[in-house]
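Please read the structure below before turning to the comments.
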Protein chains: 2
Amino acid sequence: MLRETKKKQTKEAIMKHAIKLFKQKGYENVTVEEITIACGIAKGTFFNYFPKKEHILLHVTDTYMDLLNEIVHKHQEGTLRDRISHIFHDLLQIYLKHFDLLRFTLEETMRSAIRSETGSTNIKRFQETLSTLIEKEKNNASFPKRWESDKVAAILVGIFFHTIINWSSDVDKEKMMEMIQQQLDIVWEGIE
Amino acid sequence: MLRETKKKQTKEAIMKHAIKLFKQKGYENVTVEEITIACGIAKGTFFNYFPKKEHILLHVTDTYMDLLNEIVHKHQEGTLRDRISHIFHDLLQIYLKHFDLLRFTLEETMRSAIRSETGSTNIKRFQETLSTLIEKEKNNASFPKRWESDKVAAILVGIFFHTIINWSSDVDKEKMMEMIQQQLDIVWEGIE
DNA sequence: ACCAAAAAATGACTGCAGTCATAATTGACC
DNA sequence: GGTCAATTATGACTGCAGTCATTTTTTGGT
């Protein structure tokens, strides 16, 4: 299957060069033609692999999805409450570190979620990851069974995204984590 | 001041015709030129009023912001917990009713929040509205003072947006409200 | 090694958002 | 009501995303 391997190579080449250029010049200042020239292919070929320029960004998220699993895996000890905090902390660090690229990725993630072009959005995958994490904890009896893991995960994801969307302009990283932390505290202890 | 009134008229005309066309044909199938022709002005004039096509959508939100205040005003009786539920219920109804237009508006709202083109995003304004609502309740001593209204509002907004983003594909309106409701319950009563 | 069908690459082409130099309109002042 | 500076309108123009008819490459069969 020469064809298959070549296709994979081309796709990866496009992504590699695209991301490199995005980081260099910013997403909006990079044209599709530029990317294809960097790859040594014709402009039209790009669209055989990605239906829109933006779709590269969705695939970028896939890479970071792996990272999410790593992070979740890294924080196994302690209470669920602490573990979630640590996970969010690490995620936030990554987001802020690669902010220039990832904010466009975030934008695209939101867009595709709203349009629901794909059944399974990256946000939903994030939520599922947290959901299974919580579900496991339930079996350890260290988590109240009356709440559906799914819904709790939804709240947590909501907090995370809402915070990074609304405060990513803020340069003060510590403050952002503090915001998330305080919201988590409220959720854990309950308002009333 | 003929000039001022004329400017306002033109701006409103653009918005009126634009929205009408968006509803008819969908945001993406309407060109800027089409809008200007409907208004009887030249294409270039459009960009004297809105820097980008998408910016009309941000102004659409302004209209719905007024609606938000009405809704908040409508639900004065009962506990805060119930009031919030009712407010979210009404908001969701509006969102779903005008879904075809509002999902693009939502998209744009998210975009501008992430890019933080404007200091005060519509999301932040929503949050502030809820925050003052909660703050008032604090003074009535019917709300625990230990939590900052701001943070509680942030959680609530997070729940609302995350839900509509991730489930707006779902046609089942009742289910969506149920999702929000259940998340609110958890937040109110606390996880632990 | 040759052939035909399927898959993939190509780049000229189209359509639209957004720009900008120029033209028309307005208001303030005499 | 005539003059001029400031504001606003205009539409030809530019640049880029995305399309598509055509060409090139790959593959499996003989």
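The chains referred to below are lettered A, B, ... by the order of the sequence lines, with proteins before strands, and numbering in each begins at 1. Atom set for the values below is all heavy atoms of this structure, side chains included, hydrogens, waters and symmetry mates excluded.
Proximity note for A:N48 (side chain, C-beta onward) versus D:dT19, D:dT8, C:dA9: the nearest is C:dA9.
One can place NZ of B:K52 at 13 Å from C1' of D:dC16, the figure rounded to the nearest angstrom. One interatomic measurement links the two molecules: CZ of B:F46 to P of C:dC16, which rounds to 15 Å at whole-angstrom precision. If you take CZ of B:F47 and P of C:dC20, they are 13 Å apart, rounded to a whole angstrom. D:dT25 atom C1' lies 15 Å from atom CD of A:E4, rounded to whole Å. Atom P of nucleotide C:dA8 and atom CZ of A:F50 are separated by 15 Å, given to the nearest angstrom. Note: NZ (B:K6) to C1' (D:dT7) measures 11 Å, nearest angstrom.
Between A:K53 and D:dC16 there is no side-chain polar atom (N or O) within less than 4.0 angstrom of OP1 or OP2. B:Y49 has a side-chain polar atom (N or O) that falls below the 4.0 Å cut-off from OP1 or OP2 of D:dA9.
For the atom pair A:T63 OG1 and A:D66 CG, the distance stands at 6.5 Å (nearest 0.5 Å).
Ring geometry for B:F104 against B:Y27 counts as tilted: the plane angle lies between 30° and 60°, on a 0 to 90° scale. Between B:F161 and B:F126, the ring planes lie perpendicular to each other; the angle is over 60°, past the 30° to 60° tilted range.
Contacts with DNA chain D (heavy atom under 4.0 Å) in residues 14-44 of chain B: B:I41, B:A42, B:G44, listed by number.
Side-chain atoms of A:S116 never come within 3.5 Å of backbone atoms of A:S112 as a donor-acceptor pair (strictly under, hydrogens ignored). Put simply, the side chain of A:H86 gets close to the backbone of A:D82: a donor and an acceptor are under 3.5 Å apart.
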For residues 36-47 of chain B, run the donor-acceptor check on the side chains, cut-off 3.5 Å, and write out each pair with its distance to 0.1 Å, sequence neighbours left out.
residue: B:T36; atom: OG1; partner: B:V32; partner atom: O; Å: 3.4
residue: B:T36; atom: OG1; partner: B:E33; partner atom: O; Å: 2.6
residue: B:T45; atom: OG1; partner: B:A42; partner atom: O; Å: 3.4

